[in-house]
J.: 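Below is a structure I'd like to ask you about.
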2 protein chains.
Amino acid sequence: MLKLFGYWRSTAAYRVRIALNVKQVSYNSVSVHLVKEGGEQHKAEYRALNPQGLVPLLVDGKISINQSTAILEYLEERYPTPALLPEDLYAKAEVRSICQMVACDIHPLNNLRVLQYLTGELDITEERKGQWYHHWIHKGFEALETKLLSHKSKGPYCMGSDLTMADIYLVSQVYNANRFNVDLNAYPRICAINEHCMTLSAFSDAAPENQQDAVSSK
Amino acid sequence: MLKLFGYWRSTAAYRVRIALNVKQVSYNSVSVHLVKEGGEQHKAEYRALNPQGLVPLLVDGKISINQSTAILEYLEERYPTPALLPEDLYAKAEVRSICQMVACDIHPLNNLRVLQYLTGELDITEERKGQWYHHWIHKGFEALETKLLSHKSKGPYCMGSDLTMADIYLVSQVYNANRFNVDLNAYPRICAINEHCMTLSAFSDAAPENQQDAVSSK
């Protein structure tokens, strides 16, 4: 059975959990506590599996894959049904573009190690750290909202009528934005897509608060 | 003919140029000057094409694609030969993982808009900005070096005997690291792969200093 190394609050691990649920693939969850004792992801035994010391990591038999986008593309090819990428080349590019707008230009700026560097090495105040966080969410969500509005007429998902990888990246990033109290009123399309997706069990079952390791970390 | 909106020094645009050269696809280059007059990428006419206001952007007839990873995956499907992704599912995942280690966890932390925010809004000194830059390069390259060493016996590329997308991400990031005077002596495998790739015209022709818009910006 597949083994997913993750952490309940990790946005990137959340993406993989949703994809596995959508594709109805069973997996064992292994919690890597990102905060306890300085972070279990930095321990030698975990770094031997993933030299980057980040979650998620998917282990499928003898192979292991890090980076959520690489994992999702792998799952898409290994378990093609239901598809999370459209067949049309341009639509597929549009989905991947939305995913990368989150994966490259929002999430990495706001993840734990970066926030720790800001308040640690750079000695930034908590207030300014919050401004930094909100800044990159707004920058990213403004562009995403514009892009997503162009598909609005076609249905409740990022691309309109079909659920795709793009919804997975969007929902997990909205969770993170809410956690940091970002006002999302300026993004009605993003909020509507998120709300719709959260009515699906594949998404709600994958939500951070519904993970086994959530309770002990609250 | 394809049209690529880019900028000579943009690491992400550099990736797309290499891929187009490897696949011997002709294209017209449109320079978007990222610094002049506060940055041409912020102008309304460019934002109408790409609401994110970043380069690169690829226009293929009526469609336009932003985000370099989405562009490279599109090119791979539109022009399959020579392939930049292996056929084997695990090898493909490994290539994508290397690409994302650069695209998500190194490059976005060190690109222009982030460095501008650090010295602007956060009022960080130039010295500390440099430390920030070096920090994320070293974090990323340490993990990459470990990963790449496992494929060393098989040949001169990231994955060994075959040129893949991973080499494209690596070479463009090494260019950027050199630009910011990062000491790369601790990463002999990364340096050897970079050196080998730069002997190929697909890579050297795509290098920033060989672009038409390079001269006027020096």
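These figures come from a predicted structure and were not determined experimentally. Proteins get letters first, then strands, A, B, ... in listed order; numbering begins at 1 in each.
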J.: For B:Trp132, is it the side chain, the backbone, both, or neither that has a heavy atom closer than 4.5 Å to a heavy atom of chain A?
T.: both

J.: Rounded at 0.5 Å granularity, tell me how far CG in A:Asn50 sits from OG1 in B:Thr146.
T.: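 Answer rounded to 0.5 Å: 10.5 Å.
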
J.: Do any of residues 55-84 of chain B come closer than 4.5 Å to chain A, heavy atom to heavy atom, and if so which ones, in number order?
T.: B:Ile63, B:Ser64, B:Ile65, B:Asn66, B:Gln67, B:Thr69, B:Ala70, B:Glu73, B:Tyr74, B:Glu77, B:Arg78

J.: Given that the side chain runs from C-beta out, which part of A:Leu122 has a heavy atom under 4.5 Å from chain B: side chain, backbone, both or neither?
T.: both

J.: Is the count of non-hydrogen atoms from other residues, nucleotides or ligands lying under 6.0 Å from A:Lys152 atom NZ greater than 12?
T.: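 Counting neighbours around NZ of A:Lys152, 12 or fewer heavy atoms of other residues, nucleotides or ligands fall under 6.0 Å, so no.
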
J.: Heavy-atom cut-off 4.5 Å, strictly under: side chain, backbone, both or neither for A:Ile98 against chain B?
T.: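 For A:Ile98, no heavy atom lies under 4.5 Å from chain B.
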
J.: Just wondering, more than 12 heavy atoms not from B:Lys3 lying within 6.0 Å of its NZ?
T.: no

J.: Would you mind checking which part of B:Ser97 comes under 4.5 Å of any heavy atom in chain A, side chain (CB onward), backbone (N, CA, C, O), both or neither?
T.: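 Both parts, backbone and side chain.
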
J.: Heavy-atom cut-off 4.5 Å, strictly under: side chain, backbone, both or neither for A:Leu144 against chain B?
T.: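 Nothing of A:Leu144, per the 4.5 Å heavy-atom cut-off to chain B.
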
J.: Sort by residue number and list every member of residues 86-96 of chain B having a non-hydrogen atom under 4.5 Å from chain A.
T.: B:Leu89, B:Tyr90, B:Lys92, B:Ala93, B:Arg96

J.: Do B:Val114 and A:Leu109 make a side-chain contact, defined as non-hydrogen atoms from C-beta onward lying under 4.5 Å apart?
T.: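 Side chain of B:Val114 against side chain of A:Leu109, heavy atoms only: contact under 4.5 Å found.
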
J.: Could you look at A:His135 and say if it's the side chain, the backbone, both or neither that has a heavy atom under 4.5 Å from chain B?
T.: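 A:His135 touches chain B through side-chain heavy atoms alone.
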
J.: A:Gln52 and B:Lys139: side chain to side chain contact (heavy atoms under 4.5 Å, CB included), yes or no, with the steps?
T.: CA-CA 8 Å; A:Gln52 226 187 347; B:Lys139 274 272 173 203; over 6 Å; no

J.: So how far is it from A:Ile106 CD1 to B:Cys104 SG, rounded to the nearest 0.5 Å?
T.: 12.0 Å

J.: Return the option, out of B:Lys147, B:Gln131, B:Arg128, B:Glu145, with the maximum number of heavy-atom pairs under 4.5 Å with chain A.
T.: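 The candidate making the most pairs under 4.5 Å is B:Arg128.
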
J.: Identify which of A:Pro51, A:Gly140, A:Ala103 forms the greatest number of heavy-atom pairs closer than 4.5 Å to chain B.
T.: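 Ranked by heavy-atom pairs under 4.5 Å with chain B, first place is A:Pro51.
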
